[in-house]
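Note sheet for the following structure.
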Amino acid sequence: MKKRVAVLGSTGSIGNQTLQVIRNLRDSFELIGLSGGDNLELLVKQIKEFRPKIVSIKSESNARKLKELFPDIQVEYGMEGLTSVACHDDVDIVVTALAGGIGLVPTYNAIKERKNIALANKETLVMAGNIIINEAKNNNVEILPVDSEHSAIFQCLNGNKRHQVNRIILTASGGPFRGLKKKDLSSVTPEKALKHPNWNMGKKISIDSATLMNKGLEVIEARWLFDINYDKIDVVIHPQSIIHSMVEFIDGSILAQMGETDMRVPIQYALTYPDRVFNTYHKLDLSKRDVLTFEQPDLETFPCLSLAYEAGRMGGTMTAVMNGANEEAVRMFLENKISFLEIPLVIERVMGKHILIKNPGISDVLEAEKWAKEEAYKYKH
Ligand SMILES: NC(=O)c1ccc[n+]([C@@H]2O[C@H](COP(=O)([O-])OP(=O)(O)OC[C@H]3O[C@@H](n4cnc5c(N)ncnc54)[C@H](OP(=O)(O)O)[C@@H]3O)[C@@H](O)[C@H]2O)c1
């Protein structure tokens, strides 16, 4: 039986790589649904190749164009369109490859419809980890990590007892500005910040990697995926990105998962789990690597990581607020409205103003995120 897949955000970096994985494993997977944002041209190409049953695009006008081109395919648009793709009757597993908080609602709805989730959209768990994990448990839904770090931890935990875990060690490349100090970062441009040393990714995650907020989001993601306290999640800078993350057990043993920096590997594992299947992707040859190095993160220069721990420990709506403020700050930085160093300042200011709701429902989370974006926007307007 083929696994039937929907990909939310198929025109993005993870979405595209997911389609490459499926292209290589056509006997195992059937693509049921695709969704795009603004990139109509690429979505049209993908529809022609994979002939899905349902597609969604951001705007109504582009949906009309798609309907004309593909009259036999169900075409939807906007937020409801994303949910329709994720919840289509024929879908077994949804790859959530949307960037940002927009991923939350369709993922939440898919879980309620008992669809398994291959989760790339970490913002879903950052905003509403408690709600999502409980909903997944109640509906017997698997949430399989796509993020390379979380895939690594998931693999290291396989076959081991959770109560014997001492800590999780998330590795971080350090991003394009590793080793620099605040004085060096006052005038960095979006172009420079977008140049990640090891990974080729979408714009938002690339800026998040440069500020270390990406690692902060991943700390919160790990807290929920692996049901572990923040005190037991550490971050270490590993510039070569060969070790994708590690788990330390109570006897002092550390298990690490390694590989080339190729997102198709964790995407494939999330889709084929619990199986591993052959692929022709370039394999890691450690004899050709001279050094693997490790260092502490520089929290003075990159305070976003500390802000994420702080928001995570406060819990409730604070993580959604941090996420919303970060998303807006990144947008303003990409539009040259604020400087790189102002990104954490915006987030800290918005977090400082927020009145926490301790046990929020999904609508409280969405409301808090919206409020945080508006507050962040006020920083420069
Ligand atoms: N890229 C990586 O290597 C990587 C690694 C680990 C985790 N992740 C996580 O995976 C997620 C996706 O990252 P990415 O790098 O693939 O992002 P990306 O390249 O920016 O892709 C985002 C996708 O979402 C779509 N989209 C954006 N806004 C939309 C909207 N309002 N309505 C409908 N669709 C919308 C985009 O459509 P258009 O392009 O058509 O506008 C695109 O398909 C993020 O949560 C990220 O943190 C990424």
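Each ligand, and each atom within it, is numbered from 1 in the order the structure gives.
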* Structure fact -> So the side chain to side chain donor-acceptor pair (under 3.5 Å) pairs with at least one residue in residues 34-43 (sequence neighbours excluded) are D38-K58
* Contact check: E123 vs ligand 1, nitrogen or oxygen atoms, below 3.5 angstrom -> yes
* Which is closest to atom 11 (C) of ligand 1 by heavy-atom distance: L98, N16, I14? -> L98
* State plainly whether the residues R289 and D285 are in salt-bridge range, i.e. N to O under 4.0 Å. => no
* Looking only at distances, please establish whether an N/O atom of ligand 1 is found under 3.5 Å from an N/O atom of I102. => no
* Asked: With distance as the sole criterion, is a donor-acceptor pair present between the side chains of N139 and E135 under 3.5 Å?
  -> yes
* Considering only NZ, NE, NH1 and NH2 on the basic side and carboxylate oxygens on the acidic side, decide whether K181 and D184 come within less than 4.0 Å. => no
* To do: State whether the shortest distance between N or O atoms of M201 and N or O atoms of ligand 1 falls below 3.5 angstrom.
  => no
* With atom 34 (N) of ligand 1 as the reference point, say which of S209, S56, G37, S148 has the nearest heavy atom. => G37
* Identify whether the distance between the nearest side-chain nitrogen and carboxylate oxygen of E260 and K283 falls below 4.0 Å. => no
* Would you indicate which of D147, T261, L119, N62 comes nearest to atom 6 (C) of ligand 1 when only heavy atoms are counted? => D147
* Polar proximity ligand 1 side, G15 side, N/O cut 3.5 Å exclusive -> no
* Are E191 and K195 within salt-bridge range, i.e. N to O under 4.0 Å? -> no
* Say whether G202, considering both its backbone and side-chain N or O atoms, lies within less than 3.5 Å of an N or O atom on ligand 1. => yes
* **Cationic N near anionic O, under 4.0 Å, E68 to K65** => no
* Asked: Hey, is ligand 1 close enough to N39 that some N/O pair sits below 3.5 Å?
  -> yes
* Which atoms from ligand 1 have a heavy atom of M263 less than 4.0 Å away? -> 3 (O), 5 (C), 6 (C)
* Which protein non-hydrogen atom lies closest to atom 9 (C) of ligand 1, naming both residue and atom, and how far is it? -> A120 O, 3.2 Å
* Asked: Under 4.0 Å from any heavy atom of D38, which atoms of ligand 1 are there?
  -> 38 (P), 40 (O), 41 (O)
* Closest protein heavy atom (residue, atom, distance) for atom 47 (O) of ligand 1 -> K122 CE, 3.1 Å
* **Parallel, tilted or perpendicular: ring planes of Y269 versus Y273, cut at 30 and 60 degrees** => perpendicular
* Asked: For residues 89-100, which residue pairs qualify under side chain to side chain donor-acceptor pair (under 3.5 Å), counting only residues two or more places apart or in two chains?
  -> R4-D92, K53-D90
* **N or O pair under 3.5 Å between W199 and ligand 1** => no
* Heteroatom proximity flag, Q17 to ligand 1, N/O under 3.5 Å -> no
* Asked: What is the nearest protein non-hydrogen atom to atom 17 (O) of ligand 1, stated with its residue, atom name and distance?
  -> A99 CB, 3.8 Å
* Geometric class of the F340/F333 ring pair [parallel <30°, tilted 30-60°, perpendicular >60°] -> perpendicular
* K192 side-chain N/O to P176 backbone N/O, donor-acceptor pair under 3.5 Å -> no
* Determine, counting only non-hydrogen atoms of the protein, whether one lies under 4.0 angstrom from atom 22 (C) of ligand 1. => yes
* Is the count of non-hydrogen atoms from other residues, nucleotides or ligands lying under 6.0 Å from N200 atom CG greater than 12? -> no
* To do: Answer side chain, backbone, both or neither: which part of A97 comes under 4.0 Å from ligand 1, heavy atoms only.
  => backbone
* To do: Distance to 0.1 Å, residue and atom name: give those for the protein heavy atom nearest to atom 38 (P) of ligand 1.
  => T11 OG1, 3.3 Å
* Please identify which atoms of ligand 1 are closer than 4.0 Å to at least one heavy atom of I205. => 4 (C), 5 (C), 6 (C), 7 (C), 8 (N), 15 (O), 46 (C), 47 (O), 48 (C)
* May I ask you to decide if the ring planes of F226 and H150 are parallel, tilted or perpendicular, using 30° and 60° as cut-offs? => parallel
* Asked: Nearest heavy atom to atom 19 (O) of ligand 1: which of S13, P145, P266 does it belong to?
  -> S13
